[in-house]
Every structure is written in C-alpha cells, then in structure tokens.
Amino acid sequence: FRQGYMNLGAQFSICQFYPFSFIFDIKWQHLYGFYTANGLNLGIGFRSYPIKPLILEYRAEWGNFSNSDNHTDEYTGIRRNATFHSHLEAGFMTSTPVEVYGFWDYTMDGFLERKEHSFGAGAKYHF
C-alpha cells in the first residue's frame, strides 16, 4: 500500500552553550494515502561537545494521532495511534568543516505495528 507523511512545525532552542545545547520541537503531522490521520508530535534534542573533536547528539519524538484507533497492539505493546522515535548519534569533526558520525535509531510505530532498530554512518558538512 502507498502511504505518505507530512509535518509542519517549529523548533525552539531552550539553552545553547558551547559544551551543551537543548532544543524542543512541536509538529503537526498528517498521514495520507491508504490511511489518513492528523496528529501532534513533540520532541526534545540534546547536543554536546564533551571534548574536541567529539560530538554527541540525542533526539526523541513522541507522536499521537487523535482520529485513529487507540487500542494497544497485543504483539508490539504499542497503542495503534502512537509513534516513538529515538536517535542517538556520535561523531567527530575532521580538520575541515566535515563531521563523520555513526547512529542508532529505535522506532515504535503503532500504524505499521512494528518496533525496529537501525544503525548507520554518514557525513555532514557544517556551513
């Protein structure tokens, strides 16, 4: 089946210092296609620079959709109208403005009735 996802929101920097920063975000979410639902997603994020060139980052988001099934799935233990996403990242800055990083993601999705872990690596260019 085909399913689309769209969100619109804002991110607020609660505190921002050199060794540590904390953000809060809020988003309106819209699922469309085979299944249509609207919801609210709240998230937090921490970013730290404990020692040069190490960078640590953690983000978590909780989503809830109001016009969908509120029952708990017996297999996953997740409410059918809820989502959770956790992202942990560790990286280091090279001598150029490039960050090389690895990450671990954990996702619980009540709509797709799944819990999953994923790992990966990448690079970011800092302007």
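Reckoned from all heavy atoms, side chains included, excluding hydrogens, waters and symmetry mates. Counting begins at 1 with the first residue of the sequence.
Proximity of Tyr106 to Glu116: side-chain heavy atoms (C-beta onward) are nowhere separated by under 4.5 Å. Looking only at side-chain heavy atoms (C-beta outward), Phe22 and Ile44 come within less than 4.5 Å of each other.
Considering Leu31, Asn38, Asn41 as possible partners of Phe65, the one that fulfils the side chain to side chain contact (heavy atoms under 4.5 Å, CB included) test is Leu31.
In this structure Leu40 satisfies the side-chain contact (heavy atoms from CB on, under 4.5 Å) test together with Ile26, Leu42, sequence neighbours excluded. For His85, the side-chain contact (heavy atoms from CB on, under 4.5 Å) partners two or more places apart in sequence, or in a different chain, are His87, Asp105, Thr107. Partners of Glu89 by salt bridge (charged side-chain N to carboxylate O under 4.0 Å, His left out), not counting sequence neighbours, listed by chain and number: Lys124. Not counting sequence neighbours, Ser95 has no partner by the side-chain hydrogen bond (donor to acceptor under 3.5 Å, both in side chains) test. Applying the side-chain hydrogen bond (donor to acceptor under 3.5 Å, both in side chains) rule to Trp104 yields the partners His117; only residues at least two apart in sequence or on another chain are considered. In this structure Phe24 satisfies the ring-ring contact (aromatic ring centres under 6.0 Å, His included) test with no other residue, sequence neighbours excluded. In this structure, His126 has no ring-ring contact (aromatic ring centres under 6.0 Å, His included) partners at least two apart in sequence or on a different chain. Thr96 pairs by the side-chain hydrogen bond (donor to acceptor under 3.5 Å, both in side chains) definition with Thr94, not counting sequence neighbours. By the side-chain hydrogen bond (donor to acceptor under 3.5 Å, both in side chains) test, Asn7 pairs with Tyr5, sequence neighbours left out. Tyr125 meets the ring-ring contact (aromatic ring centres under 6.0 Å, His included) test with Phe127; sequence neighbours excluded.
In the hydrophobic clustering of this structure, Leu88 groups with Phe20; members are Ile, Leu, Val, Met, Phe, Trp, Tyr whose side-chain heavy atoms approach within less than 4.5 Å, directly or through other members. Side-chain heavy atoms closer than 4.5 Å link hydrophobic residues (I, L, V, M, F, W, Y) into clusters, and following such links, even through other members, never connects Ile23 to Leu8.
When the shell of 6.0 Å around CZ of Phe119 is examined, it contains more than 12 heavy atoms from other residues, nucleotides or ligands.
The salt bridge (Lys or Arg N to Asp or Glu O under 4.0 Å) analysis of residues 11-36, with sequence neighbours excluded, yields the pairs Lys27-Glu61.
The distance from atom CZ of Phe46 to atom OG of Ser21, rounded to the nearest 0.5 Å, is 10.0 Å.
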Side-chain donor-acceptor distances from residues 48-58 under 3.5 Å, at least two apart:
unit_1, atom_1, unit_2, atom_2, d
Ser48, OG, Pro19, O, 3.0
Tyr49, OH, Arg47, NE, 3.0
Glu57, OE1, Arg47, NH1, 2.3
Glu57, OE2, Arg59, NH1, 2.3
Tyr58, OH, Ser86, OG, 2.9

